[in-house]
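Before any comments, here is the structure.
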Amino acid sequence: MARSRSLLAAFWIALLLGQTTAFPPPTSSFRSRYSSCPDSSITGYKCRHQKVNGFSYSDTTTGVSMVRSLPLLIPRGGSSLIKAPATPSALFNTALLALGLTTAVFKVIQKSSETASSRSSAKSEKPAAIKSLQFKFLSVFWLLRCADWLQGPYFYEVYASKIFKGVPASLGLISRLFLTGFASTALFGPVVGRAADQYGRKKGTLAFAVTYAIGAISTKSPLLGMLLLGRVFSGIGTSLLFSAPEAWLVGEAQKSGADPDGSYLGETFGMAYAGDSIVAILAGQLAGLAAGRRGPTGPFELSTLFLLSGGLLSAFLWKENVAEKAGGGGGKPSIREAIQVVKADPKIMMVGAVQSLFEAAMYIFVLQWPPAITKAIGKAFGEGFPTPYGTVFSCFMACCLLGSTLFGQLAKMGVPTESSTAAMLTAAALAMGGATMAATTPTAPLWALVTGFFAFEGCVGMYFPSIGTLRSKYVPDSHRSVIMNLFGIPLNVLVVSVFLSIKRLGVSGALSVSTGALSIAALCMFALQYNNKSSTVAAAAV
């Protein structure tokens, strides 16, 4: 996800908001992404019955567990592994095992090639300063990401449990709470980005821990005003999470002299997001345990402990760094200056367009894959089989891990990030286009849809370390955080527009928007490559 800003929250809303035409008939089992029924292979086993849009459904919520699903794969007599899966759970359990084994084999081969290369060449080991910088960044980054992932599975549940004037919270109200977070991110993102550049990225990271903790604690309140305020703080925190730590890493690498030319930043981003996929799965497991003990607010309470740990670690391990002054002047960075910087450099515009378009496509995908998968499973297996959303999510995370690992390998082989990103975006557009066709065509087999979704998630795993590396190269340090948040505005506008128009667009229409966004993102990356080549030729001519 992969970036988890409202990903799981978006899932909950999409799963329950007025998309009855995309789901099987009301008599079918209706489960959440983090389903906790035994046949979904997810922990917790806490089920409940609910009415949505006048229909009755069974839904469940908790974290993801791969461990409980593995017994389904153990053969008796050694023959069951080669039989065609008889249920959706068996199908995705098998896919999860295959993806895990593929990633493990790839890692072993990668490690063996690195060992052989180090023996046959005089290449020096990684500098101690780089190792120290990676440890300082990754330890904090993974703790903060875990705090973010913990809150997603129970976003719907925690607000659905609230009662206002004797009436349970409606789906419309929960949707408004969800959109409040998105609106807060779009509205305050550039402002807090500017503050992080001006006052320090370490302070920005600490501010994330505080604002996100306030948002988490607000879920304990029975007052609607407090819940809305908590969503505003969560939106502000989200803006800081996806700008301040990355800006700190890039700034520290350049200013400390540990990695002045950024040669190890690609590797660091690859490690960060490969680990993030594992963190997401573990966070789902922890969320289920916390909810079992403390109710739907349990994961949010546990999240504050990870926020505290990450904040304290950054306070002790990180040195403060602030944005360099533009042009060597003494002025403070401003939003207007950041806009002028973007307008003056088409390369920044192209990188920002890739960021906005790809991430918008990703969030739209999160809104639409549950009904698309559910419908396809109903056609392939029959209406009586439930969709194992938790196991599907684990498969997605395994694909992301594989994609992040592939990025790391390409970076070590010296493949330019621009080239690998252009290829990845092309593959993502083709994968999403194929999945859209499969979701639209009544006779399309289930494997066509699943293959497209898995391929796209692999591209998501490659995307985040790729975009981090590109931003470190093209976005100036003087306005890094504010520029990153400026490109979050069109991202949020596109996602919210699709969200509000979902009844008219339908699943296939929304996925088509994702395909279009990915296609334009790929064109922007090819334009960036062409711009670089033109600049190189012009410089050589001089």
Side-chain angles (χ1 to χ4, degrees), residues 3-9 133-155 158 181 184-185 188-221 226-227 229-252 272-273 275-276 279-280 282-283 286-287 290 294 297-323 468 480-482 484-485 488:
R3 187 173 181 176
S4 61
R5 179 176 58 191
S6 304
L7 283 179
L8 302 181
L133 179 62
Q134 288 178 339
F135 170 77
K136 292 176 182 178
F137 173 73
L138 294 174
S139 57
V140 173
F141 180 78
W142 286 332
L143 283 171
L144 298 181
R145 292 289 287 173
C146 187
D148 190 28
W149 280 114
L150 276 167
Q151 298 186 20
Y154 284 84
F155 177 89
V158 76
S184 175
T185 299
F188 296 108
V191 177
V192 299
R194 174 183 177 275
D197 284 336
Q198 178 178 343
Y199 298 108
R201 284 70 180 265
K202 174 181 174 179
K203 291 186 179 69
T205 302
L206 292 172
F208 158 73
V210 173
T211 55
Y212 224 57
I214 292 174
I217 294 171
S218 71
T219 61
K220 300 285 290 183
S221 174
M226 288 298 298
L227 296 176
L229 184 62
R231 290 297 299 149
V232 172
F233 274 99
S234 294
I236 294 172
T238 296
S239 299
L240 289 167
L241 174 61
F242 295 105
S243 58
E246 179 183 316
W248 179 88
L249 171 65
V250 177
E252 188 66 17
Y273 288 102
D276 186 52
V279 167
L282 294 177
L286 292 173
R294 302 280 296 174
T297 62
F300 292 81
E301 296 169 4
L302 182 59
S303 175
T304 61
L305 297 181
F306 281 88
L307 291 168
L308 176 63
S309 301
L312 289 175
L313 209 56
S314 65
F316 288 107
L317 292 181
W318 290 11
K319 295 179 181 178
E320 186 61 276
N321 70 57
V322 297
R480 185 179 305 279
S481 295
V482 65
M484 290 170 63
N485 280 288

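Here the structure is a predicted model, which means the values were calculated and not measured.
- Rounding to the nearest 0.5 Å places CH2 of Trp248 at 8.0 Å from CZ of Phe137.
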Quiz item: side-chain contact (heavy atoms from CB on, under 4.5 Å) between Thr304 and Tyr212: does it pass, once the steps are laid out?
Solution: CA-CA 8 Å; Thr304 61; Tyr212 224 57; over 6 Å; no

Quiz item: Given the rule in the side-chain contact (heavy atoms from CB on, under 4.5 Å) test, do Glu252 and Arg201 qualify, once you have shown the distances and angles that lead to the verdict?
Solution: CA-CA 10 Å; Glu252 188 66 17; Arg201 284 70 180 265; over 6 Å; no

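- Here the straight-line distance linking atom OG1 of Thr238 with atom CG of Asn485 works out to 10.5 Å at 0.5 Å rounding.
- Going from atom OG of Ser234 over to atom CZ of Phe300 covers 8.0 Å, rounded to the nearest 0.5 Å.
- The shortest distance between side-chain heavy atoms of Trp318 and Lys136 falls below 4.5 Å.
- With values rounded to the nearest 0.5 angstrom, Ile236 atom CD1 is found 6.5 Å from Thr211 atom OG1.
- The side-chain contact (heavy atoms from CB on, under 4.5 Å) check on Thr297 picks up Val158, Thr219, Lys220, Glu301, with sequence neighbours excluded.
- Contact record, Val482 with Arg194: CB-N, 3.7 Å, taken as the closest heavy-atom pair.
- Note that OG of Ser314 and NZ of Lys319 are 15.0 Å apart. Values are rounded to the nearest 0.5 Å.
- The two residues Gly204 and Ala244 make their nearest non-hydrogen contact at C-CB, 3.8 Å.
- Between Ser139 and Leu313, the shortest heavy-atom distance links the atoms OG-CD2, 3.5 Å.
- For Ala147, the side-chain contact (heavy atoms from CB on, under 4.5 Å) test picks out Ser303, Phe306, Leu307, with sequence neighbours left out.
- With sequence neighbours excluded, no residue forms a ring-ring contact (aromatic ring centres under 6.0 Å, His included) with Trp142.
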Exercise. Could you walk me through whether Val322 and Asp197 pass side-chain contact (heavy atoms from CB on, under 4.5 Å), step by step?
Key: CA-CA 5 Å; Val322 297; Asp197 284 336; over 6 Å; no

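- Taking both residues in full, the closest heavy atoms of Ser481 and Ala196 are given as OG-CB, 4.0 Å, listed atom of the first, atom of the second, then distance.
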Practice problem: Given side-chain contact (heavy atoms from CB on, under 4.5 Å), test Phe208 with Val192 step by step and report yes or no. | Solution: CA-CA 10 Å; Phe208 158 73; Val192 299; over 6 Å; no

Quiz item: Phe141 and Tyr273: ring-ring contact (aromatic ring centres under 6.0 Å, His included), yes or no, with the steps?
Solution: CA-CA 10 Å; Phe141 180 78; Tyr273 288 102; 5.5 Å; yes

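- With hydrogens and angles disregarded, a donor-acceptor distance shorter than 3.5 Å links the side chain of Ser218 to the backbone of Gly215.
- Here Leu286 contributes atom CG and Trp149 contributes atom CH2; the two are 14.0 Å apart, rounded to the nearest 0.5 Å.
- Using a 4.5 Å cut-off on side-chain heavy atoms (C-beta onward), Leu282 and Cys146 make no contact.
- Of all non-hydrogen atoms in Ala287 and Pro299, the two that sit nearest each other are O-CG, 3.5 Å.
- Listed for the Ser184 side chain is a donor-acceptor partner under 3.5 Å among the backbone atoms of Val232.
- A donor-acceptor contact shorter than 3.5 Å is absent between the side chain of Asn321 and the backbone of Gly200.
- Closest approach of Ser221 to Met226, counting heavy atoms only: OG-CB, 3.4 Å.
- For Phe233 and Phe188, the gap between ring centers reaches or exceeds 6.0 Å.
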